[in-house]
Structure formats: structure tokens, C-alpha cells
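Here's the structure, in C-alpha cells; my notes come after.
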2 protein chains.
Amino acid sequence: MPTIKEVALLAGVSTATVSRAMMNPQQVAEKTRRKVEAAIAEVGYSPNAIARNLRTSESKTIVVIIPDIENMFFAKIVRGIQTIAQQQGYKVLLGDTVHNATLANDYLELVRSKQADGVISLTAELPKVLQHGTSMPMVMACEYFPDFPIPTVRIDNQAAAYQAVKYLLELGHKQIAYISGPLDNPICIARSAGYRQAMQEAGYSINELAKEEGDFSFHSGHAAFERLHRQYKMSALFCFNDMMALGAMRSAISLGLKVPDDLSIVGMDDLLFSQYTDPQLTTIMQPQTLIGETAMQILIKILNAKTVHQDNVLQTQLLVRSSSRRYQKL
Amino acid sequence: MPTIKEVALLAGVSTATVSRAMMNPQQVAEKTRRKVEAAIAEVGYSPNAIARNLRTSESKTIVVIIPDIENMFFAKIVRGIQTIAQQQGYKVLLGDTVHNATLANDYLELVRSKQADGVISLTAELPKVLQHGTSMPMVMACEYFPDFPIPTVRIDNQAAAYQAVKYLLELGHKQIAYISGPLDNPICIARSAGYRQAMQEAGYSINELAKEEGDFSFHSGHAAFERLHRQYKMSALFCFNDMMALGAMRSAISLGLKVPDDLSIVGMDDLLFSQYTDPQLTTIMQPQTLIGETAMQILIKILNAKTVHQDNVLQTQLLVRSSSRRYQKL
DNA sequence: TAAATATTTGTAATCGATTGCAATATTTTC
DNA sequence: GAAAATATTGCAATCGATTACAAATATTTA
């Protein structure tokens with residue numbers, strides 16, 4: 001790999017001039033610049049970004065930490081991030097943690113070690129960060145830590161769950177079960193609270209058997225429904241995300257239930273596929289692209305001005321499709 | 001951010017010793033090492049990887065270039081790559097190109113500029129590489145350049161398509177249409193050849209109207225089928241991937257067709273969802289995890305030994321499910 | 001034409017680590 | 001206890017760029 005020195009030699013100038021010809025073309029004379037450019041082309045020079053970053057201590061790169069690349073929910077968010085990043089000249093690198101906090105730390109390491117300027121985390125599985133505090137430029141999207149003040153972009157999880165359950169109640173359902181994500185996850189705690197709020201407002205008591213835990217994956221939704229079906233008689237089901245809702249729906253159908261006649265299902269997210277399954281999935285839509293765009297905009301502000309932005313809460317919307325219907329006695 | 005100097009000062013040793021205490025603990029005395037470790041902990045030191053990489057000129061990071069993060073096909077491949085990478089101490093960064101060759105080049109730049117040691121490309125949209133030749137450590141997976149000898153992991157695309165179409169022919173279908181990906185894409189060219197091979201072997205001529213072009217996305221499959229349906233009367237459809245097959249299936253159903261009674265559909269890939277749609281999708285399975293694992297293993301060999309490995313062709317398998325059935329006169 | 005000013009270029013320090021070599025300290029051997 | 005062998009440490013060069021500052025050159029002004 002040719003270095004700046006070889007270019008300088010060939011062009012008959014100093015390395016400083018070569019560097020300037022690339023970084024601030026206007027401050028080097030037309031003629032010299034052309035010589036430099038020719039030399040660059042001739043040797044096929046490409047600057048060593050490592051050396052440059054070491055000197056300038058910025059990499060114009062940000063890292064997005066994703067808990068599970070197989071969950072389609074994150075795809076659109078990433079696209080939103082990319083759109084803004086590209087406009088502002090930032091590269092976006094994705095790190096898939098496979099739900100593994102150690103791996104997440106490896107990606108944070110990229111920022112600590114100056115290989116990236118900031119992080120957007122789509123996962124809350126970040127143990128060490130908490131200990132070191134919020135020292136690095138970082139934005140959380142979707143997930144959040146209730147007690148640490150990291151800038152966050154998210155929805156009102158409790159209100160969204162409340163809306164979903166309220167909708168089912170208004171359809172006349174009384175036995176409403178739900179499939180949660182990991183129980184210790186803040187957004188799941190908030191959504192559970194929304195469920196309870198709606199049920200209690202309607203005067204119904206909370207049955208512990210009406211709840212099962214999943215991990216947001218299709219398979220966990222499938223398995224959770226099988227357990228639910230054995231332990232609790234329900235006419236409606238609310239799932240904390242669409243992947244699990246789709247899994248539960250498949251499970252219900254293969255257990256001989258008709259959706260929505262025997263079981264109404266409401267999910268959350270609004271995935272690409274959710275409107276194309278049979279039946280089409282009723283769901284609480286999250287503005288995925290907007291979440292990504294907003295997160296990146298906030299991160300850029302932090303990087304530029306060190307401004308600390310707080311919670312951004314975006315709107316959700318109930319999309320009624322054909323996986324839910326009015327309650328009917330069986 | 002504390003540097004190695006501050007650690008050295010605090011521990012009362014030289015920076016060299018601190019460095020060695022981290023890189024080769026066995027060559028520094030027990031007592032000194034403990035002093036250093038204590039100092040590191042006290043100031044919260046974390047080595048600047050940029051500086052380290054500059055000196056060692058390796059980053060223990062590889063980049064995976066993905067054409068479209070919304071296409072679930074790539075998720076499992078990425079997982080396969082990660083599994084092996086992690087075992088070997090490599091970090092994996094993903095770059096989503098959104099089908100954009102310029103962005104792809106940005107990611108290749110990471111390797112040229114020594115921020116990453118190598119690339120696995122899951123896309124063939126890499127114009128500049130061709131000009132510069134295959135100078136960097138690189139493996140292609142799934143896609144390939146027919147004329148440039150980059151180490152590749154892939155399936156036999158022609159044989160796979162042949163197998164799919166042959167299967168439909170054996171079911172008695174004669175009017176078999178197909179939805180291709182981008183027509184200039186090498187794997188699409190190979191799959192088209194497989195289609196033609198099967199049709200011609202069976203003694204059928206090729207009807208140009210039996211073909212439509214998509215871009216591997218769900219929506220393009222949906223749109224392509226609407227065009228096909230207007231221009232060609234078919235009893236069976238082969239799609240070059242599952243995303244398009246699922247889109248086409250939805251389109252067919254919403255046009256009032258029964259699958260598989262009126263139309264048999266065969267896809268390719270075997271996505272997570274493919275076995276859970278209604279009807280379940282018959283497809284040619286690609287060994288996604290294995291593709292990823294193999295690609296990473298080859299890349300590691302290249303990085304270590306500079307060995308040049310050639311084409312690796314992996315096995316596919318026809319998975320017969322309920323979206324296809326024997327031809328029946330209507 | 002000389003002085004003043006502006007433009008262009010070069011010199012050398014710097015970013016934060018790693019590492020070859022030399023210097024020093026410790027242990028072993030006789 | 002001295003010499004030899006070995007283990008530990010430090011000095012200083014180095015990786016490949018950027019950039020403050022100074023020096024050289026070109027341009028304008030009087």
C-alpha cells in the first residue's frame with residue numbers, strides 16, 4: 001500500500017502539501033494540486049484512515065448496536081439512521097449482539113478506542129455502560145434505561161399497550177392474555193403496566209396465568225402460545241411484538257383455532273409481513289423509519305455541540321386488520 | 001480519556017512495560033504486572049485501538065457488505081459469519097448498501113484504509129473493485145463475478161433452478177412462469193439458464209412473456225406477479241427468491257387465485273417465514289448458516305496464510321410444502 | 001523599485017500505542 | 001562470592017497521517 005510519503009516524493013512536494021491538497025484543496029496552488037492529484041492517481045494512493053483518525057481523533061463513523069438481526073423490526077430503523085447519516089457524511093456500521101452483552105461491549109469498544117464517534121443502541125443489554133456512566137456519545141432507541149439519563153428515542157410503551165388492550169376490551173373480550181418479552185426488560189415492564197391499567201380500568205382482575213414470557217423471536221411466540229393455550233382460556237391475545245404475534249398465530253392455527261373467530265390477536269411494531277399474513281395482523285404501528293432518523297439527528301447534535309438531549313417520545317398508531325374481531329360466545 | 005502514559009506514570013513504570021503487561025503478560029514480572037493492572041483500573045484506561053492498529057497494522061475486524069438488510073435471507077448468513085469470527089477473535093461489522101454501489105465502496109474503504117482486515121461481500125454491486133483488481137482480502141458469498149477470480153462461496157444456481165423447474169414439470173405443469181431478480185445479475189443469469197435447461201429438456205419452448213423482473217424484494221415480487229398475470233396464463237410460478245415468492249403469492253391470492261389449486265409457487269432460499277405462510281411455501285433451501293461459516297473460514301485462511309481459495313459450491317435442497325401441487329385442468 | 005501583504009510551501013511536532021535493542025536487575029552455577 | 005545466564009525494564013524509533021508555525025515565494029501597493 002502506497003503512503004503519503006511516496007506520493008509526496010513522486011509529486012516533488014512535501015507530505016504536508018499532499019495532505020492539504022486532499023483536506024483543503026483551496027489552500028494549495030492550482031498547479032501543485034494537479035501534480036499531487038496525478039501522483040495520487042499514479043501510485044493508487046488511498047489515505048490510511050487509521051493514521052488520520054489518530055491525528056484528528058474523529059472517524060466520521062457511528063455504530064448501531066442491534067440485539068438480533070433476524071428480527072425484521074430493526075431493518076427499517078437502520079434505514080432511517082442511514083438516511084440521515086449519509087446526508088451528514090457519516091458511515092454506519094452495524095453490530096449484531098445476538099442478545100449477548102459481551103459482544104455489545106465489543107462494539108462500544110469501537111467508540112472508546114476512537115474507531116467510531118458515537119453509538120446508537122437498539123438494545124438495553126449493555127451492562128458495563130451503566131458502571132462507567134454515560135461518558136460516550138450515545139443515543140438509545142426503542143429501549144431505555146429508566147434510571148440513567150441517556151438521550152432516548154422511543155414510544156410511550158405503556159400507552160401503546162394500553163391502547164391495544166383497550167381496543168380488545170371494546171370489542172367485548174374479557175379473557176385477554178398476553179405474551180411479553182423478557183420480563184426484566186424496561187419496555188416490557190411498561191407494556192405490562194399498560195395491560196394492567198386497561199384491564200383494571202375495565203374492572204377485570206389480573207390473572208397470572210394469562211401471561212407468558214418470550215424473547216421477541218418468532219419461535220418464542222410460537223412456544224409461548226402453546227403454553228398459554230394449555231393453562232388459560234382466552235378469546236384474545238396481545239403480543240409485545242409482531243414476530244411473536246406471528247409465531248403465536250401460527251401456533252394457534254396449527255392447534256386448530258380460527259383467527260380471528262376463536263382468537264383475536266393484536267401485535268406491535270407493524271412489520272412488512274404483518275399485513276400479508278393470513279389473516280392480516282392487527283397491530284400497534286411504531287414509526288420505525290422516524291425512530292431511526294430522529295436517533296441519528298440527536299446523535300449528530302451531541303457530536304457537534306455536546307448538547308444533551310433528553311427523551312423523545314414518538315407517536316404510535318393502532319392498525320386494525322383482520323386478525324381481531326368482536327367477541328362472540330362460542 | 002486516559003492514555004498509556006498516565007497509566008505508566010501512576011504505576012511508576014514506562015509505557016513499554018504497560019504495553020507489555022497487556023499484550024504479553026508473561027514477560028513482565030508478577031509484581032509489576034499487578035501494579036500496572038491496578039493503575040489501569042484506577043484511571044479507567046482503555047487502549048486506543050486506533051493507535052494500536054496503526055502500529056500493528058491489523059484491526060481484527062472484518063466487514064460484511066449486505067445489499068439489503070430488509071431481506072431476511074442475509075440474517076442467517078451473517079450469524080454464520082459471526083459464529084466463526086467470534087471463535088477466532090474477530091469483530092464483525094455490517095454495512096448495508098441499500099443496493100448502492102457508492103455506499104459499498106465506502107465499506108471497502110474501511111479495508112483499504114486499514115480499519116478492517118478483510119471483507120465478505122454478499123453483493124455483487126461493487127464496480128470499483130473490478131478496476132482495482134482483487135487486491136484486498138475478500139470473499140464473496142452467494143453472489144459472484146463470473147470473470148474475476150475472487151474466492152467464492154455459493155450454490156450451483158443453474159442446477160438449483162433446474163431442480164425447481166424440473167419438479168414443477170414432473171407435477172405436470174407446462175405453463176411455468178418465473179420472476180427473476182435483476183437481469184444483469186450473474187446469479188440470475190445462471191438461474192435463468194437452469195429454467196431454460198429444464199424447459200427445453202422437457203421439449204417446451206421458452207415464452208418471453210413468462211418472465212418478469214424483480215429486485216428480490218417482497219414488493220417487487222408482488223408487482224411482478226401483477227404484470228405476469230396480465231400477460232401470461234400460467235399454472236406454476238418459480239421465483240428466484242422467497243421474498244419475491246411471498247410477494248407474488250400475496251398478489252395471486254388477492255387477485256382471487258387459489259394457491260396451490262390455481263397456481264403452484266416455488267421459491268428459493270427458505271426463509272424463516274416461508275414455512276409459516278398460508279399455504280406454506282415450497283422452496284429450494286440454501287444452507288444459509290453454512291454459507292456464512294464457510295465464507296468466514298476462507299477469509300481467515302486468506303488473512304493468515306495468503307492462500308487463495310477458489311469456488312466453494314454448497315448443496316441446496318428442494319423442500320416440498322403446500323404451495324405446489326400436481327397440475328389439474330381448470 | 002522597494003516595502004507591505006498575501007499566498008503557497010516546508011519543517012517538525014504530534015496523535016497513542018508497539019517493539020527492537022540496550023541496560024539493568026535477578027537468579028543460577030561453579 | 002564472582003561470573004554467567006536469564007529475566008525484567010526502559011529508551012527511543014516507528015506506524016502514517018495532520019497541522020501550527022516558520023520560511024519562501026508571489027502579488028499588490030505606494
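All chains are named by letter (A, B, ...) in the order of the sequence lines, taking the proteins before the strands, and each is independently numbered beginning at 1.
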query = Is any side-chain N of the basic residue among A/Arg79 and B/Asp68 closer than 4.0 Å to the acidic one's carboxylate O?
reply = yes
Angle separating the five-pair end axes of the helix from C/dT1-D/dA30 to C/dC30-D/dG1, nearest 10°, is 40°
Quiz item: Can you tell me if B/Glu70 and B/Ser217 form a side-chain donor-acceptor pair at under 3.5 Å?
Solution: no
The side chain to side chain donor-acceptor pair (under 3.5 Å) partners of A/Arg55 (sequence neighbours excluded) come to none
- Message: Evaluate A/Arg154 against A/Ile187 for side chain to side chain contact (heavy atoms under 4.5 Å, CB included), listing each step before the verdict.
- Response: CA-CA 10 Å; A/Arg154 60 186 183 91; A/Ile187 72 178; over 6 Å; no
Does a side-chain N-to-carboxylate-O contact under 4.0 Å join B/Glu30 and B/Arg33?
yes
B/Gln27 atom CD is separated from C/dT19 atom P, nearest whole Å, by 10 Å
To the nearest angstrom, the CD-P distance between B/Gln26 and D/dT6 comes to 17 Å
Requested in this report: With side chain to side chain contact (heavy atoms under 4.5 Å, CB included) as the test, would you mind laying out the steps for B/Met136 and B/Val119 before giving the verdict?
Outcome: CA-CA 8 Å; B/Met136 72 178 69; B/Val119 198; 3.7 Å; yes
Are the side chain of A/Thr123 and the backbone N or O of A/Ser121 linked by a donor-acceptor pair below 3.5 Å? no
Whole-Å distance, A/Lys31 NZ to C/dT9 C1', equals 13 Å
When rounded to whole Å, the CZ to P distance for the pair A/Arg34 and C/dT8 reads 13 Å
CE of B/Met72 to CD of B/Gln288, rounded to nearest 0.5 Å, is 9.0 Å
Considering only nitrogen or oxygen atoms on both sides, find all protein atoms under 3.5 Å from nucleotides 14-18 of chain C and state each distance.
{"from": "C/dT14", "atom 1": "O2", "to": "A/Arg55", "atom 2": "NH1", "distance (Å)": "2.7"}
{"from": "C/dG16", "atom 1": "N2", "to": "B/Ala51", "atom 2": "O", "distance (Å)": "3.3"}
{"from": "C/dA17", "atom 1": "OP1", "to": "B/Tyr45", "atom 2": "OH", "distance (Å)": "2.8"}
{"from": "C/dA17", "atom 1": "OP1", "to": "B/Asn48", "atom 2": "N", "distance (Å)": "2.8"}
{"from": "C/dA17", "atom 1": "OP2", "to": "B/Ile4", "atom 2": "N", "distance (Å)": "2.3"}
{"from": "C/dA17", "atom 1": "O5'", "to": "B/Tyr45", "atom 2": "OH", "distance (Å)": "3.3"}
{"from": "C/dT18", "atom 1": "OP1", "to": "B/Arg52", "atom 2": "NE", "distance (Å)": "2.9"}
{"from": "C/dT18", "atom 1": "OP1", "to": "B/Arg52", "atom 2": "NH2", "distance (Å)": "3.3"}
{"from": "C/dT18", "atom 1": "OP2", "to": "B/Ser19", "atom 2": "OG", "distance (Å)": "2.4"}
{"from": "C/dT18", "atom 1": "O5'", "to": "B/Ser19", "atom 2": "OG", "distance (Å)": "3.4"}
{"from": "C/dT18", "atom 1": "O2", "to": "B/Arg55", "atom 2": "NH1", "distance (Å)": "2.3"}

